[in-house]
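This is a predicted model, so every value here is computed, not measured. Order of listing sets the numbers, starting from 1, for every ligand and every atom in it.
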Amino acid sequence: MGKYRGKSTTVLRPKTTQEVSEIVKWCNDRRIGIVPQGGNTGLVGGSVPLKDEVILSLSNMTQVRSFDPISGILVADAGCILQSLTDYVAPHNHIMPLDLGAKGSCQIGGNVSTNAGGLRLLRYGSLHGSVLGLEVVLPDGTILDQLTTLRKDNTGYDLKQLFIGAEGTLGIITAVSILTPPAPQASNNVILALPRFENVLPLYKTVKRQLSEILSAFEFIDRTAYDLAVKHGQGRALSEDEVEGAECFVLVETSGGKREHDEEKLNTLLESLLEADEPLINTGVMAQNPAQFSSIWALREGVTEAVSKEGKAYKYDISIPLSTFKECVDLTRERLRSKGLLSEDKVKAVMGYGHVGDGNLHLNVVANAYTEEIQDALEPFIYELVASHRGSVSAEHGIGAMKTHALHYSKNEVSVAWMKRIKAMFDPNGIMNPGKVLE
Ligand code: 2HG
Ligand code: ZN
């Protein structure tokens with residue numbers, strides 16, 4: 001994001017859990033802050049030092065420790081890159097239970113520490129479900145070995161859950177045991193152009209009903225986000241004619257056991273959508289080959305990169321009722337307009353995209369520069385809007401450094417007080433990722 005910059009002079013790249021433990025103990029004895037860092041692909045400044053903390057990079061811990069092809073349980077060092085794990089399990093006909101645009105550089109330890117959501121959550125659920133065990137170096141250097149490979153284990157408090165999404169504030173995840181699902185035998189996708197946002201909800205209902213068990217993603221991109229992705233070369237799925245009159249787009253993916261069966265279902269869905277008396281879509285294009293399949297995904301996954309190429313991004317990753325997605329984007333745009341900030345030299349674009357099936361909207365504002373004026377127009381406005389819907393100010397990106405002040409919009413006083421007690425108990429000297437998650 002280029003939004004945060006510390007003054008660290010030191011990066012340590014341990015190769016073993018024992019080395020991580022010794023570093024952490026040394027730092028704890030001397031009250032030296034540590035920032036654990038994975039692929040550094042987060043969007044809320046969670047992996048960036050704020051002062052002169054030591055950066056502890058997990059990038060040298062890249063061993064797969066074990067894989068059981070029968071159960072699909074993978075045990076891997078925290079520094080393994082998500083894509084390399086995907087490649088590792090592929091010959092065994094398994095896939096990773098999560099997928100995200102940053103897969104080429106993000107690391108599994110960082111994914112778990114931030115409880116990354118991504119594009120497969122609709123189908124395979126969150127990491128709170130698929131992570132079976134963790135190895136964690138606690139802030140005093142103790143190694144907490146909970147690296148079990150059990151599907152079922154009801155023996156008291158499930159401590160590992162505390163580290164999933166703690167963003168390195170309670171300890172450093174050094175290894176992960178994770179359940180990988182069998183690879184679907186057939187996957188396909190289609191991109192649908194919709195005349196009005198109001199059609200997204202009924203479309204989601206129809207698609208769920210018709211595709212049932214083979215539906216694996218239902219992603220939303222508004223027109224602004226689509227145009228920006230195309231402008232910056234992130235894949236081209238539809239022709240000029242096909243996008244004419246479209247207010248937004250939906251990407252539907254299927255993953256199932258039999259190609260002919262799945263394609264028939266997808267074709268029947270497309271036909272019924274196009275032939276309806278009042279069609280919910282203008283048009284739909286189904287991938288005809290692996291290259292088209294990738295290009296449709298590239299368009300959706302490429303929005304973030306397109307936004308960064310266009311300018312400085314203000315990002316809001318919110319959970320709100322699906323019916324309010326558009327209202328939220330429109331209200332934000334109106335707010336900027338009313339403050340005289342919507343112009344080529346200030347705010348260039350306001351857009352929404354995201355994971356419809358998970359109720360997660362990515363509201364992005366692209367500006368020419370980060371300015372106080374824009375920041376003040378956006379916050380607390382957006383957070384108050386989210387709170388008015390009892391939504392979440394961070395659906396999947398975490399709190400990091402960016403949202404510590406906004407935590408209270410989604411967590412009440414009692415919850416925050418208990419979070420602070422837990423933090424103080426694990427890390428009484430406050431050395432683990434200081435200034436993140438909690439102020
Ligand atoms: C996505 O869904 C990512 O593409 C990034 O979560 C969203 O850049 C963003 O705001
Ligand atoms: Zn996302």
Side-chain angles (χ1 to χ4, degrees), residues 1-4 38-47 82-83 97-106 110-111 113-127 165 167 189 191 216-222 224-226 228-230 232 234-235 248-253 294 296-320 322 325 328-329 332 347-367 370 378-379 382-383 386 391-400 402-403 406:
M1 296 290 292
K3 233 181 178 176
Y4 306 95
N40 207 10
T41 62
L43 296 168
V44 290
S47 58
L82 181 58
Q83 182 65 55
L98 80 161
D99 182 26
L100 52 154
K103 56 185 151 248
S105 41
C106 65
N111 295 147
S113 290
T114 57
N115 187 23
L119 306 159
R120 281 187 188 149
L121 195 133
L122 177 73
R123 177 68 164 264
Y124 299 108
S126 96
L127 290 170
E167 301 181 48
N189 62 11
I191 183 147
S216 56
F218 190 100
E219 295 283 319
F220 161 74
I221 319 170
D222 75 9
T224 313
Y226 178 94
L228 206 65
V230 171
H232 291 285
Q234 305 293 328
C248 60
F249 303 85
V250 162
L251 186 165
V252 175
E253 185 195 62
S294 303
I296 290 180
W297 264 121
L299 187 83
R300 165 61 187 88
E301 291 181 280
V303 178
T304 296
E305 203 174 313
V307 165
S308 323
K309 285 182 178 158
E310 185 73 10
K312 300 286 180 202
Y314 291 85
K315 287 183 182 286
Y316 298 93
D317 159 43
I318 56 187
S319 277
I320 43 166
L322 175 52
F325 273 26
C328 258
V329 179
T332 304
V347 171
K348 301 204 237 177
V350 180
M351 73 198 80
Y353 56 102
H355 318 287
V356 167
D358 313 327
N360 177 190
L361 172 72
H362 294 308
L363 169 59
N364 280 205
V365 174
V366 194
Y370 291 127
L378 295 171
E379 292 178 29
I382 292 172
Y383 293 135
V386 171
S392 171
V393 295
S394 177
E396 61 169 3
H397 294 169
I399 296 296
M402 178 187 165
K403 299 180 190 168

**Prompt:** Do E305 and H232 get their side chains close enough for a donor-acceptor pair, meaning under 3.5 Å?
**Reply:** no
**Asked** Any chance the side chains of N360 and S319 put a donor and an acceptor closer than 3.5 Å?
**Response** no
**Message:** Would you call the rings of H362 and H355 parallel, tilted or perpendicular, taking 30° and 60° as the class edges?
**Reply:** perpendicular
**Prompt:** Are E301 and K103 ion-paired here, with the side-chain N under 4.0 Å from a carboxylate O?
**Reply:** yes
**Request:** Give the numbers and elements of all ligand 1 atoms closer than 4.0 Å to a heavy atom of H355.
**Result:** 2 (O)
**Fill in**
atom 6 (O) of ligand 1 has as its nearest protein heavy atom H397 NE2, 2.7 Å
**Item:** Donor-acceptor pair between N364 and Y316 side chains, under 3.5 angstrom
**Value:** no
**Message:** Below 2.8 Å, which protein N, O or S atoms neighbour the Zn ion (ligand 2), ignoring water?
**Reply:** H355 NE2, H362 NE2, E396 OE2
**Prompt:** Side chains of E167 and T114: donor-acceptor distance under 3.5 Å anywhere?
**Reply:** no
**Item:** E396 near ligand 1 by a heavy-atom separation under 4.0 Å
**Value:** yes
**Fill in**
ligand 1 atoms nearer than 4.0 angstrom to some heavy atom of L43 are 5 (C), 8 (O), 9 (C)
**Asked** Counting only heavy atoms, which portion of N364 has something under 4.0 Å from ligand 1: side chain, backbone, both, or neither?
**Response** side chain
**Request:** Work out which heavy atom in A225 is nearest to a heavy atom in Y353; give both atom names and the distance.
**Result:** CB-CD2, 4.1 Å
**Prompt:** For atom 8 (O) of ligand 1, which candidate among E219, K315, E305 holds the nearest heavy atom?
**Reply:** K315
**Complete:** re atom 2 (O) of ligand 1, the protein heavy-atom contact at minimum distance is R300 NH2, 2.7 Å
**Fill in**
for atom 9 (C) of ligand 1, nearest protein heavy atom and its distance come out as Y353 OH, 3.0 Å
**Request:** Find out whether V303 and Q234 are in side-chain contact, i.e. whether some heavy atom of one side chain is under 4.5 Å from a heavy atom of the other.
**Result:** no
**Message:** Is there a side-chain contact between Y4 and M402 in this structure, where contact means two heavy atoms from C-beta onward sitting under 4.5 Å apart?
**Reply:** yes
**Asked** Does any non-hydrogen side-chain atom of V356 lie less than 4.5 Å from one of L122?
**Response** no
**Asked** Among all protein non-hydrogen atoms, which one is nearest to atom 5 (C) of ligand 1, and what is the separation to 0.1 Å?
**Response** T304 OG1, 3.2 Å
